[in-house]
Amino acid sequence: MHSEPADFTELEAFAVDLARAAGEVILPLFRADIDSENKARAGERYDPVTAADRASESVIRKRIGERYPEHGVLGEEFGADRTDQEFVWVIDPIDGTRAFMAGLPLWTTLIALRHRGQPIIGLIAQPYLGEVFVGGPNGSRLLKGDAETRLRTRACPLLTDAVIATTDPNLFDGAETGAFAQVRAAARLARFGCDAYAYAMVAMGRIDLVIESGLKAWDYEPLIPVVEGAGGYVRNWRGDDVDGSGQIVAAGDARCLDEALTSLRRSALRQSAS
């Protein structure tokens, strides 16, 4: 059994290695003619999966098993394995499979490491652009080539000055739709279709607010250390710590977040068993 490191530096470096290994199997399939399947159940929204998703998660799981066989794993494609362990890796092999299928370089590989139930290392990787956004106890940074850049969110005290994002307005159901519409109407600019890459831009100080719903643990746990390590905030729509409700809001400035929550709280869900 691999001995536990005294700090998280080794684990963070390993997470970066995992992302790069995943990129090596994904990139040959990007913009290639590969089939997809719809894994949604009857009545659910279209939910595609490709050979690239499965190959990526497979290589990540294999390397974790070789290096840290005592760690648990939770992944979108192959489920849960010993998630009661002290250390648990949380994996979304390709977040933004629709973007991947459309040939758009906004999909990412998401990796988090939970320690005693809390995500303490997170990673957003876009291998086509050669970017790895990593966050942890030592803050957040962008790795690109041989360069390493510290990440900081930007000041945005007013929602009227904010650049906001969501993957798709159709993510929202019922009262959620109106809540997002109110925030969008107040904001300076809204962008769509960025998937998890939008959260990387919050950490980089380019986007001020991301609002989404229906997310699973592998969608949001990797984002939390990246955004918060850059000085930002990731909350549920009540303004509390993220829970199983699936409603997520990320912001670079607490003042902008508070303005948005005025609208979002009206349609905030209670925690669900997701």
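Owing to the predicted nature of the structure, the values given are computational and were not obtained by experimental measurement.
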| task | Under the side-chain contact (heavy atoms from CB on, under 4.5 Å) rule, what do Ile121 and Leu11 come out as? Steps first, then yes or no, please. | result | CA-CA 8 Å; Ile121 292 171; Leu11 289 162; 3.8 Å; yes
| request: Check step by step if side-chain contact (heavy atoms from CB on, under 4.5 Å) holds for Leu189 and Ile164. | output: CA-CA 6 Å; Leu189 175 66; Ile164 72 168; over 6 Å; no
| request: May I have the step-by-step check of side-chain contact (heavy atoms from CB on, under 4.5 Å) for Thr50 and Leu29, ending in yes or no? | output: CA-CA 10 Å; Thr50 70; Leu29 301 175; over 6 Å; no
| message | Under the criterion side-chain contact (heavy atoms from CB on, under 4.5 Å), I'd like the reasoning laid out for Met101 against Arg31: C-alpha separation, chi angles, the key distance, then a yes or no. | response | CA-CA 7 Å; Met101 292 168 59; Arg31 296 179 177 170; over 6 Å; no
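Summarising the local packing, CZ of Arg154 is surrounded by more than 12 heavy atoms from other residues, nucleotides or ligands at distances under 6.0 Å. In this structure, Tyr128 places its OH atom where only 12 or fewer heavy-atom neighbours from other residues, nucleotides or ligands lie under 6.0 Å away. Open room surrounds CG on Asp35; 12 or fewer heavy atoms of other groups in view lie less than 6.0 Å from it. Annotation for Arg82: atom CZ counts as buried by contact number, over 12 foreign heavy atoms lying within 6.0 Å.
Residues Val234 and Glu228 are in side-chain contact: their nearest non-hydrogen atoms beyond the backbone lie under 4.5 Å apart. Under the 4.5 Å side-chain criterion, counting only non-hydrogen atoms from C-beta, Ile64 is in contact with Leu18. Side-chain contact check for Val183 versus Ile211: some heavy-atom pair is nearer than 4.5 Å. Taking 4.5 Å as the limit, some side-chain heavy atom of Cys256 sits within range of a side-chain heavy atom of Leu159. Residues Leu158 and Asp161 are in side-chain contact: their nearest non-hydrogen atoms beyond the backbone lie under 4.5 Å apart. When side chains are defined from C-beta on, Arg235 counts as touching Leu257, because their heavy atoms get closer than 4.5 Å. In this structure, the side chains of Tyr197 and Leu129 come closer than 4.5 Å at one or more pairs of heavy atoms. Proximity of Ile91 to Leu110: side-chain heavy atoms (C-beta onward) are nowhere separated by under 4.5 Å.
A donor-acceptor pair is defined here as one N or O able to donate and one able to accept, closer than 3.5 Å; such a pair exists between the side chain of Asp219 and the backbone of Lys216. Using a distance-only test at 3.5 Å, with no hydrogens or angles considered, a donor-acceptor pair links the side chain of Glu176 to the main chain of Asp173. Within the 3.5 Å criterion, the main-chain N or O of Ser267 finds a donor-acceptor partner in the side chain of Gln247. Not one N or O on the side chain of Asp195 forms a donor-acceptor pair closer than 3.5 Å with the backbone of Asp95.
Rounding to the nearest 0.5 Å places OG1 of Thr149 at 7.0 Å from CE of Met204. Taken to the nearest 0.5 Å, the CD1 atom of Ile94 stands 6.0 Å off from the OG atom of Ser56. Between the CG atom in Leu113 and the CH2 atom in Trp89 there is a gap of 4.5 Å [rounded to 0.5 Å]. Considering CG of Asp208 and SG of Cys156, their distance stands at 3.5 Å, rounded to 0.5 Å. Here the OG1-CE distance, from Thr153 to Met201, works out to 13.0 Å after rounding to the nearest 0.5 Å. Rounding to the nearest 0.5 Å places CZ of Phe133 at 7.5 Å from CD1 of Ile124.
Contacts of Glu77 classified as side-chain hydrogen bond (donor to acceptor under 3.5 Å, both in side chains), with partners at least two apart in sequence or in another chain: Lys39.
Identified under the ring-ring contact (aromatic ring centres under 6.0 Å, His included) test for residues 148-168, with sequence neighbours left out: none. Identified under the salt bridge (charged side-chain N to carboxylate O under 4.0 Å, His left out) test for residues 177-187, with sequence neighbours left out: none. Note on residues 51-62: pairs passing salt bridge (charged side-chain N to carboxylate O under 4.0 Å, His left out), not counting sequence neighbours, are Glu37-Arg54, Glu57-Arg61, Lys62-Glu66. Sorted by first and then second residue, the ring-ring contact (aromatic ring centres under 6.0 Å, His included) pairs involving residues 228-259 (not counting sequence neighbours) are Phe172-Trp237.
Closest non-hydrogen pair, Thr160 versus Arg188, comes out as O-CB, 3.3 Å. Shown here for Ser263 and Gln182, the closest heavy-atom pair between the two residues is OG-OE1, 3.2 Å. Scanning all heavy atoms of the two residues, the minimum distance from Gly239 to Arg265 falls at CA-NH2, 4.4 Å. Here the closest non-hydrogen pair linking Ser245 and Asn236 is OG-CB, 4.2 Å. Scanning both residues, Ser140 and Pro225, for their nearest heavy atoms gives OG-O, 3.3 Å. Of all the heavy atoms in Val202 and Gly252, the pair that sits closest is CG1-N, 3.8 Å.
Under 4.0 Å is where a charged nitrogen must lie from a carboxylate oxygen, and between Asp243 and Arg238 at least one such pair does. Classification of Glu221 and Arg114 as a salt-bridged pair holds, one side-chain N sitting under 4.0 Å from a carboxylate O.
Between His71 and Phe87, the ring planes lie parallel to each other; the angle is under 30°, not in the 30° to 60° tilted range.
Under the 4.5 Å side-chain contact rule for hydrophobic residues, Val163 and Phe180 do not share a cluster. If you chain together hydrophobic residues whose side chains sit under 4.5 Å apart, Leu123 and Leu74 never meet in one group. Note: the hydrophobic cluster containing Leu261 does not contain Ile248 (ILVMFWY, side chain heavy atoms under 4.5 Å, direct or indirect links). The cluster map of Ile, Leu, Val, Met, Phe, Trp and Tyr, joined by side-chain heavy atoms under 4.5 Å apart, puts Phe8 and Val88 in different clusters. Linking Ile, Leu, Val, Met, Phe, Trp and Tyr whenever their side-chain heavy atoms come within less than 4.5 Å leaves Trp218 and Ile111 in two separate clusters.
Side-chain rings of Tyr199 and Tyr220 stay apart, their centers remaining 6.0 Å or farther from each other.
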Less than 3.5 Å apart, which donor and acceptor atoms pair up between the side chains of residues 102-109 and the rest of the protein, not counting sequence neighbours?
from	atom 1	to	atom 2	distance (Å)
Thr109	OG1	Pro93	O	2.8

